[in-house]
Each structure stands twice: as structure tokens, then as C-alpha cells.
Amino acid sequence: MSITRREFLKRTAALTAASYVGMNLPFSLEGESHAADADKWVKGVCRFCGTGCRVELGLKNGKAVALRGVADSRTNLGYVCMKGMLFYKIIGHPDRFTKPLYRAKKDQPFKTITWDEALDIAAKEFANAVKTSGNDSVAYYGSGQALTEETYLFQKVMRAGLQTNNVEGNPRLCMASAVGGYLTSFGADEPIGSYSNIEKASCFFIIGSNMAEAHPVVFRRVMRRKLDNPNSVKVINVDPRISPTSRIADLHLQFKPGTDLALMNAMANVIIEEKLYDENFINNYCVFKAVEDDKPKGVDFEAYKKFVAEYTPEKAAQLCGGNITPENIRKAARMFAKSPGTMSMWCMGINQRLRGVWANNLINNLHMITGQLCKPGADSLSLTGQPNACGGVREGGGLCHILPGHRPVAKDKLRNQVEEIWGVPQGRIPPKPGLHTIAMFSAVNEGKIKAIWIHCTSPAQSLPNADHYRKGLRRDDVFVVCTDIFPTKTTELANLILPAAFHFEKTGVYGCTERRSQITPKAVNPPGEAKPEVWMVREWALKLSKELNDPVIKKSVEPFIGLEEGFALSKAIWDEYTQKLTKGRDNDLTGATYDVLLKMADGVQWPAPTTEFALKGGTERKFVKGIDPLADKLSQDDKPYQFYGPAHEDRKLYIWLRPYNGAAEEPDAEYPYYLSTGRIIDHWHTTSMTGRIPEIMRANPYSYVEINPKDAAKLGIKPGDMVEVESRRGKVVMPAKVIEGPIEGMVFAYWHDMDEERMINKVCKDAFDPGSKEPEFKISACRVKRVSGPKQLKPYIVTM
Amino acid sequence: MPIGGFVVTIDQKAKGDAFAGLARFPQVEIYGSDEKGNVVLVIESETSKEMEKIVKDINRVEGVLNCVMTYINVEDE
């Protein structure tokens with residue numbers, strides 16, 4: 001019997017969902033005469049978060065009509081969160097920029113101009129800055145949401161063309177400390193293992209991450225593992241805040257913000273005291289390092305043992321406060337060490353800290369002393385916040401100190417290699433790293449940077465102490481170009497806005513948390529005159545070359561001149577990057593050509609030095625012989641693991657002696673509360689995209705502040721009351737949510753809201769980690785007071 | 001009227017509460033469940049705006065641990 005079209009679609013939806021969990025439903029759609037739900041499906045990657053969920057966009061008559069997860073993808077196994085499912089709504093949204101906009105002064109209205117005029121203006125302004133104030137008076141500030149091809153080409157033109165390393169990006173705000181941790185602990189950036197360890201792990205150590213909301217699809221895998229093995233799999237959740245992630249925890253350790261360094265040293269102490277460490281792993285692969293006179297110094301196991309011995313569980317429990325008891329610390333240490341495979345997962349709670357690198361080191365230490373690395377189910381896995389922070393920015397040369405292929409710019413040999421590959425004169429790329437994010441925007445404040453290109457990000461909202469840095473962006477002697485799809489708090493301060501193509505409107509690659517590169521090909525045309533950024537950079541560089549009468553600038557884009565912008569141009573850039581810049585490096589993507597990536601359900605994990613190997617998916621676990629081809633190729637002995645990471649010439653893993661230090665700003669009598677901030681499941685970062693999806697905005701129209709019931713009682717705050725949160729830098733007023741979430745003495749605010757009254761980053765402190773230069777968003781001091789009872793609020797999004 | 005396919009994971013210890021909670025949504029149709037706590041359901045709503053709200057509310061149902069989507073069709077929205 002025939003069914004209706006609606007019933008057909010409902011059954012399609014049900015069968016798709018059922019197929020992912022291996023459930024049989026009592027019907028099929030065979031023989032049904034209804035037209036298919038879409039006439040073309042195009043595989044790509046989700047645009048939100050760093051999980052790397054593989055999705056398919058369904059097109060009917062060239063219009064996006066459906067979306068589904070890709071069931072045989074190893075990242076998401078077919079699942080997608082609601083936020084990810086709704087991104088298609090951004091395609092064709094009426095608020096999109098569709099023409100270049102310009103104003104000479106920032107108090108003037110924008111006027112529409114042609115692309116030729118826009119790129120002329122951009123070229124003239126950057127050229128004038130270089131002529132009058134030198135090469136370092138210009139800067140590029142990019143994004144972990146930009147495609148790898150975009151980041152690569154921008155940084156190439158900046159470094160080889162404009163001869164400055166002022167190349168930065170917003171990943172500095174989210175994962176720079178994880179980079180620092182991996183490099184100093186393992187000698188190589190990015191995780192050793194993959195998500196596939198989740199289904200093999202017996203213990204999860206989730207610290208500083210609300211996975212359930214920030215990475216719901218990865219969380220689902222962890223949750224499933226726990227539910228399927230309730231007794232043999234243990235989950236330890238370590239966080240000053242009880243969050244939805246805590247729901248699956250066997251042990252939730254709640255502590256005063258920042259004291260987790262003491263907690264992890266105490267766990268190491270227990271592991272050593274109770275002889276739970278892996279002596280063979282330590283002897284074979286590890287050395288111990290301390291810091292003396294600001295320099296690393298080798299020490300021995302006894303020195304490490306003595307160092308952590310100071311962190312007795314009793315002392316640590318006292319420092320940590322909250323629900324931490326000496327017995328809880330012992331219990332967590334035993335779970336971690338005794339499990340057949342322990343997997344740590346963390347995110348901004350660890351990275352966005354004054355001692356973010358140290359916190360990363362201490363997690364890695366626990367894995368090294370227990371040998372919980374390189375074996376099934378064991379890994380130290382930093383979750384990434386953005387879809388291409390790893391692939392584009394960390395690997396593609398998107399930070400001020402690194403060139404493509406994990407090459408530190410300060411290393412002459414590696415810098416010269418890049419110059420040679422690019423065919424530019426030796427010495428063209430300056431040896432000195434450029435300005436890191438906070439230094440870059442401080443230089444903008446001081447007027448030292450005269451022209452800045454901000455791509456696919458909104459620092460006017462996302463920087464800590466935001467009001468301070470917006471002063472510089474407002475200056476009329478600082479020329480600001482923004483490439484974006486929607487108005488933001490930053491485009492409000494721009495001189496020139498260039499309308500960009502969105503996801504599926506251009507072709508390019510994202511590299512997610514687990515070293516996996518995945519392609520999203522162009523499926524629909526961008527609206528109006530919006531263009532792919534790679535086209536903009538190429539055309540801008542050609543004009544710059546003329547303005548500065550410098551043929552080397554043209555040389556930097558020469559291989560790409562004349563190529564069609566929707567696919568061929570991106571392919572040529574990817575080819576240059578992978579075939580020439582990653583070849584022979586630890587992130588070797590030589591085998592991951594566009595042809596291969598288009599064939600794969602879920603992309604390729606590096607190292608993948610050949611197409612044959614890439615077609616199998618690449619390297620699931622780094623450094624392991626028989627799994628990682630570089631471990632075999634670079635093997636120096638008969639040991640199963642070969643730690644060939646470029647940062648440790650001795651090929652050892654480093655166990656660091658890192659003490660507990662407090663935050664840059666601890667609560668005091670004047671500002672007695674800890675302030676921490678984070679993301680909510682519905683919204684993505686600054687809401688420039690998700691704020692325009694009505695269903696998401698309605699579900700979470702504005703930020704609020706979570707307050708522990710005990711604090712709320714002390715302060716006379718009731719649920720929904722309007723509350724002022726004030727620090728030494730600024731204040732906001734937002735509704736209160738009274739909840740057993742944050743630990744007593746701490747408040748937690750969501751940072752997505754664009755409204756000036758509720759923009760919490762005005763309040764956060766801009767202190768940063770001395771190693772990673774990542775700001776300490778997660779901890780600052782504030783005071784809190786009730787302003788009024790509940791108030792009707794209006795959601796706010798920047799519009800033109 | 002968008003149609004979405006979802007997998008909801010429920011805590012087996014609170015199975016009764018979870019199913020009772022899910023049954024309260026007129027837009028939700030349960031297609032199947034298994035002993036692992038997986039529930040396959042379809043939401044048919046007036047707008048994707050409404051669907052978002054329903055998903056949010058499902059996540060708050062006693063005994064529901066997680067609700068993820070696998071498919072959405074919006075051809076007539």
C-alpha cells in the first residue's frame with residue numbers, strides 16, 4: 001500500500017536513525033514510488049566545533065533541503081548535534097553580505113563598491129602602511145574556521161610577499177596551550193591517538209571540558225561506552241562546575257578554579273607511592289625535566305618523586321577545596337593508573353589559563369608515568385573548539401611563530417626550506433616571530449599596526465578585556481579589513497567589508513581534533529557577489545605587487561593565477577601545501593590529495609605519506625610501528641614506539657616538574673568571586689551565525705550567569721533576577737540562573753551574547769600564559785550584586 | 001514542516017520516566033527502542049524553530065541522557 005509523502009519522509013528519518021544504532025524497524029521503503037528526498041547528496045564537514053562530524057547536504061533543484069550524518073564516518077558515526085544540523089540555514093540568509101562595503105572613516109556609513117575598487121583600496125592601504133611604517137605595520141588575524149587553503153595562502157602572501165610574520169588567528173585564544181603541552185611533553189603537536197580509542201577505553205579522565213554541551217557527538221560515544229559497560233568503564237569528571245557532562249561520571253571532582261595543578265600532582269604522587277607507575281614505559285621512553293634559571297634541566301625519577309611528594313593528597317585536598325578529599329584523589333589516581341586503557345579529554349578549562357601549558361603537561365605526565373599512551377584505549381586527547389584550528393592554523397602556518405608543516409619560523413634551516421619551496425629569495429621571510437594575538441591588538445591600540453586584515457572571526461567580541469582592545473580598532477589611522485558573511489561586533493569597526501562565500505559555497509579542507517583532514521566541495525553558489533577568500537587574496541596580492549613594485553609578491557600567488565575560484569584554485573593551493581610543504585614533515589599529507597579526500601567517507605589522518613595509505617584512512621595512532629608509517633621509516637631501535645616528534649631531538653617524552661601556581665587574578669576582598677566563562681550547546685562562539693537561526697536564538701536569546709544557590713542566598717539573588725558582574729575591567733548585567741553548577745564562590749557566564757550590556761568578555765582578564773600566550777579566560781576575579789528583579793530582555797544581533 | 005530523525009539515549013534505570021516524558025510531546029513519534037537505551041524517534045514540527053525547542057525540552061526529560069539527530073528534511077519550509 002502506498003504511503004503519503006510526509007509518511008515517506010518520516011520513515012526515511014526513522015530508518016536513517018535506526019540504522020545508526022543497528023535497530024531493525026518493521027518496515028522498509030523498497031517499492032515506494034515517491035521521489036527521493038533529495039536529488040543530490042554532497043559530503044562535507046560540519047561547520048561548527050572541532051569534532052569534525054561528517055555530514056551530507058541534500059540538494060533538490062540546486063537548493064539545500066536536507067542534511068544527514070554520514071554513518072560510515074569514523075568521527076561521528078552518523079550523528080550530528082542540532083546546531084550542526086541547522087547550519088544550512090545560513091546559506092541564503094537575508095543578512096548575508098553580498099557586496100563589498102567601504103567607508104574611509106569609521107563614523108561614516110558604508111557604501112557599496114565594486115570588487116575592483118575594494119581590492120584596490122585594500123592594496124593601497126596595506127602598501128602605504130608598509131611604505132610609511134615598515135613591514136611589521138601590517139597584520140593578518142585569521143581563524144580556526146577558515147579553510148586550510150585560505151590560511152595557507154594568507155600567510156604565504158604576508159610572509160613571503162609583505163615580509164612580516166604578523167600572522168595570527170583566534171586559535172591562540174583556544175588551543176595554543178594544548179600545542180605548547182604536546183610540544184613540550186611529546187615533542188610533537190596534536191594528539192597521538194584518535195576518537196576510535198573511546199570504544200576501547202576503560203577509564204575516561206574528563207577535565208576542564210563540558211563535552212556534553214560543547215562536543216555533544218563525541219560525548220555520545222563516551223556515554224555509550226559507559227552505558228554499555230557500566231561496571232568496567234569508569235568516568236572521572238574534574239571540573240569546578242557540575243555540568244551535563246557530570247551526569248555519566250562515577251567520580252566528579254569539584255575544586256576551586258586553578259587548583260587542578262595541585263590535584264594532578266597529587267594524583268602522580270599517589271601513583272608513585274602506591275607503585276602504580278609503568279617502570280618499563282618510563283625507562284624506555286621518558287626523561288624528567290625541571291626548569292632552573294628559566295632553562296629546562298634534566299633530572300631523574302627520584303627528583304620527580306620528591307617533587308610530587310610535596311603534593312600529598314591531604315595537602316592537595318586542602319588547596320583544592322570543593323568536594324575534594326584525600327580519598328577521592330587516591331581513588332581517581334587508582335582508576336587512572338589501573339585501567340587497561342585511560343583516555344583523557346580536555347578543552348578550554350585547561351587551555352585558557354595563565355598556566356595552560358603546565359596544566360597540559362600535568363595531564364600528559366599522568367599518561368607517561370602510567371604508560372597510558374600508544375596502546376588501545378589510551379590517549380591524551382585535547383578536544384579542539386573550532387573545525388580547523390588543527391588543520392589550517394596549527395598545521396598550515398597560521399600563527400606568528402610557525403610556518404606550514406610545523407616549522408618554527410625562527411629555525412633558519414626550516415625557514416630557508418620554505419623560501420626555497422616557494423621560490424622566493426633566501427631571507428625573504430623574517431626570522432623573528434611576529435606578534436601573538438594580545439601583542440598584536442596591543443600594537444593596534446598603540447597605532448603601530450596601521451592595516452589589519454581580520455578574516456572569519458570577531459576579535460572585538462572574542463578578545464578578553466574587549467573594551468580595551470576595541471579602542472585600537474576604532475582608531476581612524478588603523479585600516480581594518482574584514483572578510484565575513486554576516487555583520488559582527490568587528491565589522492562595526494571596519495573600513496572595508498568583503499563578502500565571503502560560506503561553507504558548501506566554496507571548496508576546501510578542515511582538519512579536526514584527531515589529525516583528520518576532510519574536504520567540503522562547493523555545492524551551491526554564494527549569494528550576490530560574495531567570493532571565496534582564496535580568490536580575494538590572490539587578486540589582492542597581484543594589486544599589492546604593483547603598488548609596492550615588488551615582483552616577489554606576485555610570485556607568491558603565481559601558481560594560482562587564472563584558476564577557477566570554486567574548486568580549481570583551492571585544489572592547486574592544497575596541492576602546493578600538501579605535496580611540497582608537508583612532505584617529509586610529521587604532518588605529512590602527501591597522500592591526502594583532493595582525489596583521495598573526495599573518495600573517503602571521513603577523510604585522512606596524518607601522517608599519510610602515500611595515496612595508498614591515505615585511502616585506508618591514514619594513521620590512527622602516531623608513533624606506533626605497524627600503524628604509523630613514519631614510526632617504521634624513522635625507527636632507530638627495536639622498540640615498538642618511536643617518538644620522532646620534531647621538537648625533541650633526543651626522541652624522548654618529557655615528564656615535567658610543574659608546580660601549582662595560582663591564577664593571574666585571585667578573588668580578594670574587593671572582588672570576592674571567581675568568574676569563569678564558557679559556551680552553551682545552542683550557540684557557536686559570538687552568535688554571528690547561530691544568532692541568525694531563529695530557532696536557536698529563541699531557545700537561548702541571551703547570556704546569563706550561573707550562581708551557586710549558597711552564594712545566591714548570601715547575595716539575595718533569586719532565579720531570573722538581573723545581576724551585575726563587575727571586574728577591574730568592566731561590568732555586565734545579565735539574568736541569574738541559580739543552580740548547583742558552579743562551585744560555591746564562583747560564577748559562570750556564557751560568552752556568546754553580542755549585547756553591550758551582556759558581553760562578558762569586557763569583564764574577563766587579558767593575562768596570558770607566558771609560554772603559549774593564550775589568555776586566561778577561565779579565571780578572573782569579580783564582584784556580583786543584584787540589580788533588580790527579572791526583566792524582559794531583547795535578544796541582540798549586529799545588523800547593517 | 002521539517003521532519004527529523006533522532007536517536008535518544010535513556011538511562012535504563014529511569015526508563016519509565018523517560019518514555020512517559022517523551023510521550024508527552026505530540027510532535028514526537030517513537031519508532032523503536034532497544035535494551036541499550038537507544039530510542040529512535042521522529043519529530044515532525046511546524047518549523048525548525050519548534051523542533052529546536054522540542055529537542056531542548058527532550059534533553060530535560062528525566063532519564064534522557066542525550067538526544068542527537070541523524071537526519072533532517074526541510075523541503076517545504
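Chain identifiers are assigned alphabetically (A, B, ...) following the order of the sequence lines, protein sequences preceding nucleic acid strands; residue numbering begins at 1 within each chain. Predicted model, so just to flag it, every value in this text is computed and none were measured.
Within the structure, the salt bridge (charged side-chain N to carboxylate O under 4.0 Å, His left out) test picks out the following pairs touching residues 215-226 of chain A (sequence neighbours left out): A:E199-A:R221, A:R224-A:D228, A:K226-A:D250.
If you measure heavy-atom distances from B:V42 to chain A, the contacts under 4.5 Å come from the side chain alone. With a 4.5 angstrom heavy-atom cutoff, A:L227 touches chain B only via side-chain atoms.
A donor-acceptor distance shorter than 3.5 angstrom exists from the side chain of B:T70 to the backbone of B:G5, with no hydrogens or angles considered. Side-chain N or O atoms of A:N229 include none that pairs as donor or acceptor with a backbone N or O of A:S232 at under 3.5 Å.
Side chain to side chain, A:N210 and A:S243 meet the donor-acceptor criterion of an N or O pair below 3.5 Å. Using a 3.5 Å distance cut-off with no hydrogens or angles, the side chains of A:S246 and A:N237 do pair a donor with an acceptor.
For CD of B:E62, the number of neighbouring non-hydrogen atoms (other residues, nucleotides, ligands) closer than 6.0 Å is 12 at most.
For a heavy-atom cut-off of 4.5 Å, chain A lies close to B:E29, B:Y31, B:G32, B:S33, B:D34, B:K36, B:G37, B:N38 in residues 18-39 of chain B.
Using a cut-off of 4.0 Å between Lys/Arg side-chain N and Asp/Glu carboxylate O, B:K56 and B:E52 are scored as not salt-bridged.
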